[in-house]
Protein chains: 2
Amino acid sequence: MNTDSVLKLDNQLCFAVYACAREITKLYHPLLKELGLTYTQYVTMLALWEQDQVTVKQLGHRLYLDSGTLTPLLKKLEAMGLLTRSRDKQDERSVIIQLTEQGIRLKDKAIDIPERLFCQAGLSPEEAEAFRKQITDMLEKVQHIQGDNN
Amino acid sequence: MNTDSVLKLDNQLCFAVYACAREITKLYHPLLKELGLTYTQYVTMLALWEQDQVTVKQLGHRLYLDSGTLTPLLKKLEAMGLLTRSRDKQDERSVIIQLTEQGIRLKDKAIDIPERLFCQAGLSPEEAEAFRKQITDMLEKVQHIQGDNN
DNA sequence: GAGGAATTAATTGCATGCAATTTAATCGCC
DNA sequence: GGCGATTAAATTGCATGCAATTAATTCCTC
């Protein structure tokens, strides 16, 4: 590749991923509006539906987000009545996140979102799965470079 | 896939892309710091190094960004002396973006960033290229769903 | 050629993200 | 037990992103 083409936008892996992430987020917007959640709030709820009673630290590790992003976001979800935040009795530095009944029930309303999105996107499940696996591999690769601070 | 696993974070293509984009951006941070650019500013300069004398509209289409994001960003790059913003004489609605000498020269300092990043990421050029192509395909697919508003 | 429709930037308001710092609590080591 | 190091959240400051609205200009149609 010559010196010019290395800097071409279309040759940048980074740009493709960056733009793709934003476009996908926009795709979710109308569906999530029905739930009253933003995209980041939705992803946070996904993590908590899998496992709650976790600390902010653990949740952040799962979502690749730090407390600077999570603290205000969790306070908002708490204000919406979807979860509670309470200090760990064993270690008062930690805050435990627990879903409320309402937060748990929201899962039922969210259950058909992936299906609806796939249809909308015109992706076969196999295509999507193969693609997801590749990005996940990349994600892990990239994350390990970051200095393993997590 | 059962009702539980469809909502698992690890099965979400969206989440993989979303997290990957942010991790990649972090990877760029130390390199871009040397140039004095943020990631979005860097991507904008990439587009302009390929072609300047473009309107905000055209640039936004290229970058998948709207004027709400671009206007303040371009004003900042203008304040840094990298480009100029001027109304199109033929159509006063449009604003033409043009690189300054300093903006053009910055390209020389940026030229080795892709190379350095690849090394850091431990990706072979072939791997990266195959991967980039897939994401680009996905990006186009997703973008066409959005209602072709661009 | 006048007036409503369409187009382009800019603005406003809100929700992230993240680096850096601060605060509070716990750990480790003597 | 006591104190410096470490850890977990919270806070602060800055830079995006985007939806919705506004302002200015041009287009289009009668």
Side-chain angles (χ1 to χ4, degrees), chain A residues 15 18-30 32-33 36-45 54-61 63-80 85-97 143 146-147 149-150, chain B residues 15 18-30 32-33 36-45 54-61 63-80 85-97 143 146-147 149-150:
Chain A
F15 178 70
Y18 160 76
C20 198
R22 284 184 289 115
E23 291 298 306
I24 290 180
T25 303
K26 276 190 245 177
L27 218 53
Y28 274 86
H29 194 258
L32 294 181
K33 213 169 177 178
L37 295 178
T38 64
Y39 183 74
T40 313
Q41 289 167 359
Y42 169 67
V43 169
T44 303
M45 292 302 288
V54 292
T55 66
V56 173
K57 176 80 172 179
Q58 290 167 327
L59 192 57
H61 181 251
L63 298 172
Y64 300 83
L65 292 171
D66 70 359
S67 66
T69 302
L70 279 178
T71 296
L73 189 139
L74 291 169
K75 281 182 178 174
K76 212 162 300 170
L77 291 173
E78 184 181 38
M80 292 163 69
R85 299 160 60 249
S86 53
R87 290 281 165 183
D88 184 348
K89 289 283 177 282
Q90 267 67 56
D91 183 344
E92 293 273 346
R93 288 173 306 182
S94 296
V95 166
I96 307 277
I97 307 300
Q143 198 215 354
Q146 301 288 0
N149 301 321
N150 301 311
Chain B
F15 178 71
Y18 161 76
C20 199
R22 285 185 289 114
E23 290 298 306
I24 289 180
T25 302
K26 276 190 244 179
L27 217 53
Y28 274 86
H29 194 257
L32 294 181
K33 213 170 177 178
L37 295 178
T38 64
Y39 183 74
T40 312
Q41 289 166 1
Y42 169 66
V43 170
T44 303
M45 292 302 289
V54 292
T55 66
V56 172
K57 175 82 170 178
Q58 290 167 327
L59 193 56
H61 180 251
L63 298 172
Y64 300 82
L65 292 171
D66 70 0
S67 67
T69 301
L70 279 178
T71 296
L73 188 139
L74 291 169
K75 282 183 178 174
K76 211 163 300 167
L77 292 173
E78 184 182 38
M80 292 163 69
R85 298 161 58 249
S86 53
R87 290 281 164 184
D88 185 347
K89 289 282 178 284
Q90 267 68 54
D91 183 344
E92 292 273 346
R93 289 173 304 183
S94 296
V95 167
I96 307 278
I97 307 300
Q143 199 216 351
Q146 301 289 1
N149 300 321
N150 300 313

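Proteins come first, then strands; the chains are lettered A, B, ... in the order of their sequence lines, and each starts at number 1.
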K.L.:
Of all residues at least two apart in sequence or in a different chain, which pass the side-chain contact (heavy atoms from CB on, under 4.5 Å) check with Ser94(B)?
P.N.:
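Per chain and number, Ser94(B) pairs via side-chain contact (heavy atoms from CB on, under 4.5 Å) with Thr55(B), Asp88(B), Asp91(B).
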K.L.:
How does protein contact run along nucleotides 7-21 of chain C, one letter per nucleotide 5' to 3', with B for base contact, S for sugar-phosphate only, - for none, heavy atoms under 4.0 Å?
P.N.:
BSBBB---SSBBBS-
K.L.:
Using the salt bridge (Lys or Arg N to Asp or Glu O under 4.0 Å) criterion, which residues pair with Glu78(B)? Sequence neighbours excluded.
P.N.:
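Listed in chain order: Arg85(B).
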K.L.:
Can you name the residues that form a side chain to side chain donor-acceptor pair (under 3.5 Å) with Glu92(B), not counting sequence neighbours?
P.N.:
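With neighbours one apart ignored, the set is empty.
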K.L.:
Could you list the residues that satisfy ring-ring contact (aromatic ring centres under 6.0 Å, His included) with Tyr42(A), not counting sequence neighbours?
P.N.:
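Tyr42(A) satisfies ring-ring contact (aromatic ring centres under 6.0 Å, His included) with Tyr28(A) once adjacent residues are dropped.
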K.L.:
Which residues pass the side-chain contact (heavy atoms from CB on, under 4.5 Å) test with Ala21(A), not counting sequence neighbours?
P.N.:
Val17(B), Ala21(B)
